[in-house]
2 protein chains.
Amino acid sequence: MAEGTGAPGGGESLLFLTDEQLRKGIEAMFFAYRAFTADPDRILEGMDYGRAHHRAIHFIHRCPGTTVNNLLSILGVTKQSLNRVLRTLIEDGLVESRVGRQDKRERHLVLTEKGAALERELSDAQRARMRAAYRAAGPAAVQGFRQVLEAMMDPQLRRQYQTLKEAGS
Amino acid sequence: MAEGTGAPGGGESLLFLTDEQLRKGIEAMFFAYRAFTADPDRILEGMDYGRAHHRAIHFIHRCPGTTVNNLLSILGVTKQSLNRVLRTLIEDGLVESRVGRQDKRERHLVLTEKGAALERELSDAQRARMRAAYRAAGPAAVQGFRQVLEAMMDPQLRRQYQTLKEAGS
DNA sequence: CTTGGAAAGTCAACAAGGCTGACATAAACC
DNA sequence: GGTTTATGTCAGCCTTGTTGACTTTCCAAG
């Protein structure tokens with residue numbers, strides 16, 4: 001509310017902050033997220049897995065040896081919810097659960113070769129779409145894309161994202 | 001698309017298309033979408049409504065008088081799924097369903113004053129977050145943000161988004 | 001050594017919100 | 001009159017989230 005000038009020509013225009021522009025951004029997020037999840041969803045349907053399995057597999061791949069508690073805080077779900085997903089992945093031999101060495105209460109999660117193969121299939125599909133979008137939009141747009149997404153996160157989520165971001169290479 | 005160099009320094013660097021960069025974009029989408037839906041979810045919890053109700057309310061507000069079929073194709077769910085949501089909104093007096101004049105088979109959906117009030121509360125919260133993110137990132141970043149999101153959509157989704165985008169103002 | 005508490009697993013029950021299939025009705029169209 | 005279209009509805013199923021209660025394991029402090 002009370003957006004200030006709105007008048008064009010005043011040094012740096014604030015026209016990009018109008019409700020109209022914000023609404024377009026909101027709807028773009030809605031439609032883009034649908035597209036974003038469409039490819040992995042398509043691959044997983046038919047297998048007994050869903051989006052929750054994809055997320056677990058993704059982050060276990062990203063953080064090999066992570067504990068259940070750590071995974072819980074990344075995914076933002078309850079342990080009961082994660083456990084159901086994790087159990088099927090372990091039973092099916094996609095994920096291995098190793099008792100911790102120092103702290104034997106902890107379970108360290110890693111993908112098996114079979115799990116890594118599925119991860120590759122899923123992330124290849126998701127990356128292909130992302131790559132096409134990046135290429136079409138160009139490097140400057142990509143930088144802006146990431147800036148806005150990061151600015152949208154709550155500080156706590158942003159910290160988790162940053163930690164992951166730095167952890168990669 | 002003239003892939004060309006890949007080598008740094010060669011005119012336009014393609015380093016933004018590495019798997020590493022794509023992964024960061026994917027994880028940014030994941031965390032940002034959580035934040036994106038968090039505020040409306042918080043408002044709706046406690047009321048008997050959920051994210052599905054929010055989506056219906058949003059698009060009925062955007063397209064007043066839209067038919068059920070049109071709403072279905074925007075939301076991308078089955079009529080049974082939408083009907084469950086719509087029925088409660090109509091029963092609770094947030095949405096009005098008017099029999100069509102020309103074609104009496106159609107129902108035209110509009111928000112009541114009560115529905116419009118909830119819509120305002122929800123979209124105010126969502127816009128506030130968006131506005132903060134836009135302001136922090138700046139106009140150039142916002143342009144890139146929208147470009148990448150649009151490029152990510154399937155052609156059919158993009159057409160729906162474009163139609164809505166132009167319809168506004 | 002005992003005990004408190006953290007980490008993990010499990011069971012039961014429930015809710016939201018997707019889905020399919022089948023069927024009913026009314027209106028429009030041919 | 002017969003077919004198609006738009007809508008609504010019933011029943012049942014699945015995934016994925018939730019809470020609450022309880023157990024087991026095991027580190028660590030007293």
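Proteins come first, then strands; the chains are lettered A, B, ... in the order of their sequence lines, and each starts at number 1.
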Quick tally for nucleotides 25-30 of chain C: nucleotides whose base has a protein heavy atom under 4.0 Å get B, sugar-phosphate-only ones S, the rest -, giving --BS--

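Within the structure, a side-chain polar atom (N or O) of A:Arg55 is placed less than 4.0 Å from OP1 or OP2 of D:dG17. Proximity of A:Asn69 to the phosphate of C:dA8: a side-chain N or O atom is located under 4.0 Å from OP1 or OP2. Put simply, B:Arg84 has no side-chain N or O that comes within less than 4.0 Å of OP1 or OP2 on C:dA16.
Of the listed nucleotides (C:dA22, C:dC19, C:dA8), C:dC19 has the atom at the smallest distance from the side chain of B:Thr78. Side chain of B:Ala52, nearest nucleotide from C:dG17, D:dG17, C:dG9: C:dG17. When each of C:dT10, D:dG17, D:dT9 is scored by its nearest atom to the side-chain atoms of A:Ser81, the top-ranked nucleotide is D:dG17. For A:Val68, counting side-chain heavy atoms from C-beta on, the closest listed nucleotide (C:dA8, C:dG17, D:dC10) is C:dA8.
Straight-line distance from the CG atom of B:Leu86 to the P atom of D:dG8: 7 Å, rounded to whole Å. Between the C1' atom of D:dT16 and the CG atom of A:Asp48 lies a distance of 15 Å, rounded to the nearest Å. Following rounding to the nearest Å, A:Leu89 (CG) and D:dT15 (P) show an atom-to-atom distance of 13 Å. Regarding A:Gln80, its CD atom lies at a distance of 19 Å from the P atom of D:dT15, rounded to whole Å.
For the pair B:Leu44 and B:Arg51, the minimum side-chain heavy-atom distance is 4.5 Å or more.
Checked by atom type and distance alone, the side chain of A:Thr112 pairs as donor or acceptor with a backbone atom of A:Gly93 at under 3.5 Å.
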Working for salt bridge (Lys or Arg N to Asp or Glu O under 4.0 Å), residues B:Glu27 and B:Arg23
CA-CA 6 Å; B:Glu27 289 174 356; B:Arg23 185 189 52 73; 3.0 Å; yes

